[in-house]
There are 2 protein chains.
Amino acid sequence: MVRKSATGRIGIADVAVKAGVSHATVSRVMNGNFTVDPDIAARVRAAAAELKYQPNPVGRSLALGKTDTIGIVVPDLANPTFQAILRGLSRAAAQDGYRILIADTFEVSSEEAILAGEARRRCDGLVLCAPRMSDAELEEIAPSLHPLVLINRTTATAGVPSLVVDYGQGVQDLAEHLVGLGHTRLAFLAGPARSASNGLRLQGLAAFKAAHPQVEVRMLEGGSDFDTGHRAVDAVLDSGATGILAFNDLVAMGLLSGLHERGVKVPEDISVTGFDDIPFARYTTPTLTTAAVPITELGQQAWHQMRALIRKESSDVPGSRYQPRLEVRGSTGPARAARSAVHG
Amino acid sequence: MVRKSATGRIGIADVAVKAGVSHATVSRVMNGNFTVDPDIAARVRAAAAELKYQPNPVGRSLALGKTDTIGIVVPDLANPTFQAILRGLSRAAAQDGYRILIADTFEVSSEEAILAGEARRRCDGLVLCAPRMSDAELEEIAPSLHPLVLINRTTATAGVPSLVVDYGQGVQDLAEHLVGLGHTRLAFLAGPARSASNGLRLQGLAAFKAAHPQVEVRMLEGGSDFDTGHRAVDAVLDSGATGILAFNDLVAMGLLSGLHERGVKVPEDISVTGFDDIPFARYTTPTLTTAAVPITELGQQAWHQMRALIRKESSDVPGSRYQPRLEVRGSTGPARAARSAVHG
DNA sequence: GCGGGTCGAGAAAACGCTTTCTCACGAACT
DNA sequence: AGTTCGTGAGAAAGCGTTTTCTCGACCCGC
């Protein structure tokens, strides 16, 4: 006869009765409070063990005002970048006994703010990846989300650290690499139009063009997934470019696959670069030249920033900036002396 | 002057005071209880809106005895299979207003049971992916985890639906495909030794061997990631097999990459198959022949089973079995008439 | 005009825990 | 021996909701 109360689960009261003490004492023992007589503590522990008592975290959260959980808002769980952030965050947080609640906004950015708010209220803090959210909306909700850590966004709101990858520098490095190989006609296969990180890449390219006026850089519309790259084959070939900067590794892989189907040789005919260095980038054929961002580590850092915020060491959390590292592999090579359209 | 109480956040009490009613009435209004005078309801709503009141989910959970959250235990967030399950689960659950709490056991199966229990207590139910957990341990903890949905495992515990992929059938289909192409020397690049799904594949292969005594099937030790496949190149070439069944797509991709480096042509010299049909399988070179399992859909089904359990429609939840679909692509081709070791 | 029934809202209990407050008891000090 | 202090455990007050219980007021019919 163990069961009690409406829920059926055994609670602190059951242990108290069995050990012949009060709820309070059981609570003290369970929390390692040493003001309890060792004999009684032992009796309580025995009772708890026998009943297999496990404190109800909801009651505990209510009393303590904390949930030991942090939320993460991601625009698309199918994207390896966000998967990696999630992974890094989850593992780092687990080290400190925290759990992760996910909110996949599924690219419906109109709901992002509401979803973020809901997630935040269930947790002790929020990590926000919302590349499409407008700056205005972000500024509006940021204060109500504190403790908040931003990924690839910044805000004027005080006390909100940002972890941003320097996509602008990365794309410049890639472009320089291609120019170094003799390419003079480049094309950028862009990402989602209103995405923040696409904006940063465009800024980087603008800087690059200023430094290399002789190099042609065509802009091609795109997206962020395989299909984008695959569908872009014609546009890429038509452009006459010999060096293609794909928005990210996924797009590059799609493009690689499409070029292969057309019999276009990479890197002999065309050089292709990606961005992110997802694990798969080492295993494409040819292997993919890309800009490596330590994205799992970024997730981990997100937790460290969050932890500092939660512990109120928040006075000097500046956020940090990640420099992508050029990772030269097989998909880029010397430009042909002269090449006209392979196409048609 | 809005702030109140220790937490600083505004609560139901603040709204009650502002609207000049009791807590109870505010609660009724917020929950759409129509036994409230429309005028008062309007006043409450106005007050709530003005204060930007949002109910505290923790208090709500305590009172309601539910959290609107379900937990998922995964052995490795880096594995695309679990990412896909997570994604399917998360999106399906979101449709019904539920959230997902993740517990990444990070392959430390010794902690799996504890982690599962903790996750379960914070949630209304648990989806468990624990391929390495022993049957004994699973049986022991299963009852305490209800409502519970199992992925790729079964249990004798009543009321626990299982969603299992028929890996045995899948691997048989792949082997038959290779035999149909004229291959007579096959090799299986195995997965983690104690993994449940690897066991199912081995059973499938045993059945295949019984049906095709003339076909040689070598067993090669392995693992579940890129590196496994990459490192296995020598063993594969030494085996003299012309048809390789890799444990999954990741292993197959690693192998493809390793073979490419050695100048071994796929599928001319060796045919390679994967398993799972992860999105990347369409974008390898050559594209990967594999057994497609609708893994995101499986995550979605996990939610539907869970929902039935939570709503106590549980009487007849049998779980389901997924048949992989053979997906023939470029990595498999006719066996050469005669081939001795390319190697050395 | 008055009792029974209904309706609507406030008071209070419940959810399961933590923590402060309170008090009884024993030890130590004068 | 009497007073004080410290110690340890129980009582009770939160934490923020929901929901039952209760009761006043109002409407209706007799």
Side-chain angles (χ1 to χ4, degrees), chain A residues 2-45 47-48 51-68 118 120-124, chain B residues 2-45 47-48 51-68 118 120-124:
Chain A
V2 165
R3 58 171 298 282
K4 225 217 86 183
S5 80
T7 77
R9 285 188 53 75
I10 62 167
I12 203 171
D14 304 80
V15 180
V17 169
K18 183 158 191 103
V21 298
S22 69
H23 321 294
T25 299
V26 177
S27 173
R28 280 189 271 259
V29 172
M30 300 305 290
N31 292 300
N33 185 326
F34 291 117
T35 71
V36 179
D37 183 291
D39 291 351
I40 296 188
R43 213 165 71 221
V44 169
R45 263 186 277 272
L51 294 172
K52 295 197 200 307
Y53 167 68
Q54 302 287 147
N56 177 328
V58 178
R60 205 152 188 279
S61 292
L62 186 59
L64 256 26
K66 68 200 201 77
T67 60
D68 289 351
E118 284 183 358
R120 172 61 187 84
R121 281 194 298 281
R122 292 177 184 275
C123 302
D124 299 344
Chain B
V2 165
R3 58 171 297 281
K4 222 216 88 182
S5 79
T7 78
R9 285 188 54 75
I10 63 168
I12 203 171
D14 305 80
V15 181
V17 169
K18 183 159 192 105
V21 299
S22 69
H23 322 294
T25 300
V26 176
S27 173
R28 282 190 270 260
V29 172
M30 299 306 290
N31 292 298
N33 186 325
F34 292 116
T35 70
V36 178
D37 183 290
D39 291 351
I40 297 188
R43 214 165 70 220
V44 169
R45 262 187 277 273
L51 264 39
K52 295 196 200 308
Y53 166 68
Q54 301 288 147
N56 177 329
V58 179
R60 206 153 187 277
S61 291
L62 186 60
L64 256 26
K66 68 199 200 83
T67 60
D68 288 352
E118 284 182 358
R120 172 60 187 85
R121 282 193 297 282
R122 292 177 185 276
C123 302
D124 299 344

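Just so we're on the same page: letters track the sequence lines, and every chain starts at 1.
In the set dT17(D), dA9(D), dC17(C), dT17(D) carries the atom at the smallest distance from any side-chain atom of A63(B). Out of dC15(C), dG10(D), dG10(C), the shortest distance to the side chain of L62(B) is found at dC15(C). Nearest to the side chain of N31(B), among dA9(C), dG8(D), dT18(D), sits dT18(D). Distances were taken from every side-chain heavy atom of N56(B) (C-beta onward) to each of dA9(D), dC17(C), dT17(D); the shortest belongs to dT17(D). Set against dT17(D), dG16(C), dA12(C), the side chain of R60(B) has dT17(D) as its closest nucleotide. Listed candidates were dA12(C), dT19(C), dT18(D). Nearest to the side chain of I12(B) is dT18(D).
Both G59(A) and S22(A) lie near DNA chain D, and the one whose nearest nucleotide falls closer to the 5' end is S22(A).
Residue F34(A) is classed as having no contact, given no heavy-atom separation below 4.0 Å to the nucleic acid. Heavy atoms of S27(B) sit under 4.0 angstrom from at least one base atom. Residue contacts shown for T35(A) are limited to sugar-phosphate atoms, with no base heavy atom under 4.0 Å away. No engagement by V58(B) is indicated, since no non-hydrogen atom pair under 4.0 Å with the nucleic acid exists.
Judged by distance alone, with hydrogens and angles left aside, R28(A) brings a side-chain donor or acceptor within reach of the base of dG10(D), the pair sitting under 3.5 Å. Judged by atom type and distance alone, R9(A) does not reach the base of dG16(C) through any side-chain donor-acceptor pair under 3.5 Å.
Judged purely by atom type and a 3.5 angstrom limit, N31(B) uses its side chain to pair as donor or acceptor with the backbone of S27(B). Under a 3.5 Å cut-off, the side chain of T67(A) and the backbone N or O of S61(A) do not form any donor-acceptor pair.
Note on Y53(A): a side-chain N or O is less than 4.0 Å away from OP1 or OP2 of dC17(C).
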